[in-house]
Enquirer: 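The structure under discussion is supplied below as structure tokens; questions concerning it will follow.
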Amino acid sequence: MASSPMLLVLAVGVLATACTPELVDPTPPGLSHVATLDVSASRDTLYLTDTLRLGVESHDSAGNLLRGHAVAWTSDAPLVVSVAPNGLVTAVGAGEATVEARSGGIVGNVHLVVRKLVFSVNVVPDAVCLRKGFSTTVSLTAYDSLGQLVSSGVRPVVWKSSNGQVGTVVPQDGDSALVLGVAAGVINVSGSLMGVADSTGFIIDPAPLGSPLTCGG
């Protein structure tokens, strides 16, 4: 039996209603509208790998402080400064960025500068032949853009071993680390300070104490 024109119109109307996306506003209902949004930072200059929690305050048209409004964060230069949903920013590259907060259609922002304090690092010794079961110390020296020595302890050094089953690395005071030879093999030990890294090679020799080290000949 052929469908009547009226039934066809009703069916199309129901289909159109079913396909309309539901609008979800994470801000609870009944709150006053946001009139101003103020974003603040405890400092406007960061160094690579620094993190900073931004503050944000929203006010209504009478200047009253509002609470409970959802805030969306964005960075116009995510390769310089990234921002988490809670307003925590991380300095990931040298440069400048503007971080924006948006709530209730109102926008606030803060401008940040990221600098690269450390321009080069050097991990010494350059290469080590280490007897299995023994340890030795490596250290990292950092330099700024003018080639001047950066004082130790400015930030923690991140130390890593390329293979923890062959050699382990334990951070020490004074931008140094203790490397322990665990098993025969070859590893790279790297030290990273504020996003700048250098590494040195280790050969772990299984020769017993009293025998000469050969380090693979």
Side-chain angles (χ1 to χ4, degrees), residues 21-121 123 140 142-145 150-162 164 169-177 190-199:
E22 181 182 359
L23 299 179
V24 178
D25 185 354
T27 300
L31 295 181
S32 299
H33 293 294
V34 176
T36 61
L37 198 65
D38 299 320
V39 181
S40 61
S42 59
R43 63 186 193 275
D44 59 8
T45 299
L46 305 175
Y47 292 102
L48 282 180
T49 74
D50 279 355
T51 59
L52 178 68
R53 178 68 63 84
L54 299 180
V56 60
E57 287 188 352
S58 56
H59 298 84
D60 62 16
S61 57
N64 299 310
L65 181 65
L66 301 177
R67 299 191 183 278
H69 288 267
V71 178
W73 295 92
T74 56
S75 169
D76 70 345
L79 295 181
V80 176
V81 170
S82 64
V83 58
N86 62 358
L88 182 69
V89 299
T90 302
V92 295
E96 300 184 19
T98 297
V99 177
E100 180 181 277
R102 182 180 295 270
S103 180
I106 304 301
V107 175
N109 59 61
V110 64
H111 188 73
L112 299 173
V113 177
V114 178
R115 300 191 185 281
K116 190 175 182 180
L117 174 63
V118 175
F119 276 73
S120 66
V121 298
V123 173
L140 178 145
Y143 302 90
D144 63 18
S145 59
V150 176
S151 301
S152 64
V154 64
R155 293 287 193 283
V157 176
V158 178
W159 292 99
K160 291 183 180 179
S161 168
S162 60
V169 186
V170 180
Q172 305 291 309
D173 293 335
D175 294 350
S176 63
S190 65
S192 175
L193 179 62
M194 300 181 71
V196 184
D198 187 31
S199 64

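It should be emphasised that the depicted structure is a prediction, and the values quoted were computed from it without experimental measurement.
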Enquirer: How close do A197 and V121 get, counting heavy atoms only, and between which atoms?
Expert: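 Looking at all heavy atoms of both residues, the closest pair is C-CG2, 3.5 Å.
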Enquirer: Atom CG in L48, atom CZ in F119: separation rounded to 0.5 Å?
Expert: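 Going from the CG atom of L48 to the CZ atom of F119 covers 9.0 Å.
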Enquirer: With side-chain contact (heavy atoms from CB on, under 4.5 Å) as the test, pick out the partner of E100 among V83, V110, T74.
Expert: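 When V83, V110, T74 are each tested with E100, the side-chain contact (heavy atoms from CB on, under 4.5 Å) holds only for T74.
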Enquirer: Does some side-chain heavy atom of D175 sit less than 4.5 Å from a side-chain heavy atom of W159?
Expert: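 A side-chain contact is absent here, since even the closest heavy-atom pair is not under 4.5 Å.
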Enquirer: Excluding sequence neighbours, so at least two apart, what forms side chain to side chain donor-acceptor pair (under 3.5 Å) with D60?
Expert: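 With neighbours one apart ignored, the set is N64.
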Enquirer: I want to check something: taking the side chain as every heavy atom from C-beta on, are D144 and V118 in contact at a cut-off of under 4.5 Å?
Expert: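 D144 vs V118: side chains apart.
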Enquirer: Calculate, to the nearest 0.5 Å, the distance between atoms CZ and CD belonging to R115 and E96 respectively.
Expert: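 That separation rounds to 8.0 Å.
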Enquirer: So does S82 get a backbone contact from the side chain of T90, meaning a donor-acceptor N/O pair under 3.5 Å?
Expert: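 Side chain of T90 to backbone of S82, a donor-acceptor pair under 3.5 Å: no, none is there.
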Enquirer: Enter the distance from S58:OG to H33:NE2 here, rounded to the nearest 0.5 Å.
Expert: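 Atom-to-atom, S58:OG and H33:NE2 are 13.0 Å apart.
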Enquirer: Could you list the residues that satisfy side chain to side chain donor-acceptor pair (under 3.5 Å) with S120, not counting sequence neighbours?
Expert: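 S120 satisfies side chain to side chain donor-acceptor pair (under 3.5 Å) with no residue once adjacent residues are dropped.
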Enquirer: Can you list every salt bridge (charged side-chain N to carboxylate O under 4.0 Å, His left out) pair that touches residues 32-44, not counting sequence neighbours?
Expert: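 Every salt bridge (charged side-chain N to carboxylate O under 4.0 Å, His left out) pair that includes a residue of residues 32-44, provided the two are not neighbours, is R43-D50.
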Enquirer: Can you tell me how far apart CZ (R155) and CG (L193) are? Round to the nearest 0.5 Å.
Expert: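 These two atoms lie 8.5 Å from each other.
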